[in-house]
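Side chains included, hydrogens not; waters and symmetry mates left out as well; all remaining heavy atoms used. Note on naming: letters A, B, ... go to the chains in the order of the sequence lines (proteins, then strands), and numbering restarts at 1 for each one. Because the structure is a prediction, the values reported are computed rather than measured.
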Protein chains: 2
Amino acid sequence: MTRVSRRASNRREKQQRILTAAIQVFAEMGYSAATMERIAEAAHLSKPTLYQYFDSKDALFKAMMSAPRDRMMEVFDTPESTNHVAQLLSFARAYADIVMRPEYLSLARLIIGEAQRFPDVGRAYQASGPDRVLDRLITFMEAQKACGALQFDDAELAAQDFWGLILSAPRNRALHEPDNLPSAAQTARYVENGVRVFLKAYGVNSAQDLEDLAKLLNR
Amino acid sequence: MTRVSRRASNRREKQQRILTAAIQVFAEMGYSAATMERIAEAAHLSKPTLYQYFDSKDALFKAMMSAPRDRMMEVFDTPESTNHVAQLLSFARAYADIVMRPEYLSLARLIIGEAQRFPDVGRAYQASGPDRVLDRLITFMEAQKACGALQFDDAELAAQDFWGLILSAPRNRALHEPDNLPSAAQTARYVENGVRVFLKAYGVNSAQDLEDLAKLLNR
DNA sequence: CAAAAACTTTACTCATCAGTAAAGTTTTTG
DNA sequence: CAAAAACTTTACTGATGAGTAAAGTTTTTG
């Protein structure tokens, strides 16, 4: 005699299973090539049951795409540090960890590939992922400027530059070549270089920052 | 009595028309949603005729994708200048001009969206576009290091950084939001900022470089 | 345990689309 | 200029897949 009826919780659980299956199948095949039959199979239920949960393929796709997906914001779940160098490094590493995961890349490919046919999906993703990360980065940059650690005119450009320096070329390659992802070591090399170059260009006291960074990198 | 038979030249012209139509339709709809009927229509001929030129949808797609498309290398069709600042600026502008064009973005979305199902298409694109540009940039970077204008340990990282600084955030947004492209003025702002930051981090004599850049930007 | 609600299955409809057969048209060549 | 060759079109075939109807099965709950 559960308080929340078993039926209702089953329903929620199944809905979740469908969404998980959908994300897998859509990401693997693309919107058009994915079939409802296959999604049903992956969710371990039948097509008509699937249609009890979502009215159409389109509706399922949109529901799946607008399900909360805050992975990218995990970037900021790092212990606050008083040192801006350590903080930039940990942002950069967390960002790389998330963004270079195969599932995350598959999702990005799907969104980009369907951006023309599903403009609101693309917009929603941009708003809930990159834009939010950028906002937080801008806030961070401004704080560092205020306390005299970084210098720049335009915080938005500074934030974008930080971002662009970290992974842009390897991530682009990864989007084009799903089965040729860089190793963790290679990714680390790009990330560390990105932070180094950012500090060189934006640090008030770059020489000191680079020394600090070198120390952090040698444990 | 034409030397090259009328039939043969018609054939070549029609093949070209098909490839052009294919690129349009595929880029707009994606591989699966594009129909051979629609491509035929766009090429002003009928489906069976289309099949005389290409054996299958798959073959047409691959042929279209491996047609020479050297747009990106146009980046380097700029007058050689003795000044590395002017040269970097003109690379950056040429790159932005090409890469932010709607057709080029559509093609990139298509390639990324189908990268999982057509891995060789993704690989071929990476090899003939980004990789070639990167190679040329590396060569350039090394020459500038040799003549004492730039400093760095790793030319590949320097080239990637230059690239990442120019357009990475706005281009990513453009991939997600096809109908929210930045204006020419906005793009110019990103590009100019990118060059500035690159010089600050990599220039042997950054102060002078930044002055040179400022002069170039004010005509 | 019985009524009901949820779920599954079988077995469809209908539309779309890759690919083709065969008839019709144009171009080439003897 | 006429017959052959190449090309194009109209009108199909067959497969696939979105979505559904209706009958049968399990699970939940009173």
*For residues A:Arg123 and B:Asn180, is any side-chain donor paired with an opposing acceptor at under 3.5 Å?*
no

*Between A:Ser183 and A:Gln186, do the side chains contain an N or O donor and an N or O acceptor separated by less than 3.5 Å?*
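Note: A:Ser183 and A:Gln186 side chains meet the donor-acceptor criterion.
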
Just the rounded figure in Å: distance from [atom2] of [N] to [atom1] of [X].
{"X": "A:Asp58", "N": "D:dG19", "atom1": "CG", "atom2": "P", "answer": "8 Å"}
{"X": "B:Phe61", "N": "C:dG19", "atom1": "CZ", "atom2": "C1'", "answer": "19 Å"}
{"X": "B:Asp55", "N": "C:dG19", "atom1": "CG", "atom2": "P", "answer": "9 Å"}
{"X": "B:Leu45", "N": "C:dT26", "atom1": "CG", "atom2": "P", "answer": "16 Å"}
{"X": "B:Ile39", "N": "C:dA18", "atom1": "CD1", "atom2": "P", "answer": "8 Å"}
{"X": "A:Lys14", "N": "D:dT26", "atom1": "NZ", "atom2": "C1'", "answer": "10 Å"}
{"X": "B:Glu41", "N": "C:dC17", "atom1": "CD", "atom2": "P", "answer": "11 Å"}
{"X": "A:Ile18", "N": "C:dC7", "atom1": "CD1", "atom2": "C1'", "answer": "12 Å"}

*asked:* For the CD atom of A:Gln15 and the CG atom of A:Leu50, what is their distance to the nearest 0.5 Å?
replied: 10.5 Å

*Determine, for nucleotides 12-18 of chain D in 5'-to-3' order, which nucleotides have protein heavy atoms under 4.0 Å from the base (write B), from only the sugar-phosphate (write S), or from neither (write -).*
-----SB

*Is B:Lys145 reaching over with its side chain to a backbone N or O of B:Phe152, donor-acceptor style, under 3.5 angstrom?*
yes

Would you say [N] has OP1 or OP2 under 4.0 Å from some side-chain N or O of [X]?
{"X": "A:Tyr53", "N": "C:dC7", "value": "yes"}
{"X": "A:Thr49", "N": "C:dT8", "value": "yes"}
{"X": "A:Gln52", "N": "C:dC7", "value": "yes"}

_Give me the atom names and distance for the closest heavy-atom approach of B:Leu19 to B:Met64._
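Where B:Leu19 meets B:Met64 most closely, the heavy atoms are CD2-CA, 3.7 Å.
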
*Identify the heavy atoms of B:Ala115 and A:Arg109 that sit nearest to each other, and give their distance.*
CB-CD, 4.1 Å

*Quick one: does B:Leu88's side chain get under 4.5 Å of B:Leu199's, heavy atoms only?*
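With C-beta onward as the side chain, the pair touches.
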
*Paired stretches of DNA chain D - 3 or more consecutive Watson-Crick or G-U pairs, each distance under 3.5 Å*: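 Result, WC/G-U stems under 3.5 Å: C:1-30 with D:1-30.
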
_Stacked cation flag B:Arg11 on B:Tyr53, 6.0 angstrom / 45 deg_ =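 Output yes; distance and angle both within limits.
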
Report all side-chain donor-acceptor pairs from residues 27-42 of chain B shorter than 3.5 Å, counting only partners two or more places apart or in another chain.
| residue | atom | partner | partner atom | Å |
| --- | --- | --- | --- | --- |
| B:Tyr31 | OH | B:Asp58 | N | 3.4 |
| B:Ser32 | OG | B:Arg117 | NH1 | 3.2 |
| B:Ser32 | OG | B:Arg117 | NH2 | 3.2 |
| B:Thr35 | OG1 | B:Arg38 | N | 3.0 |

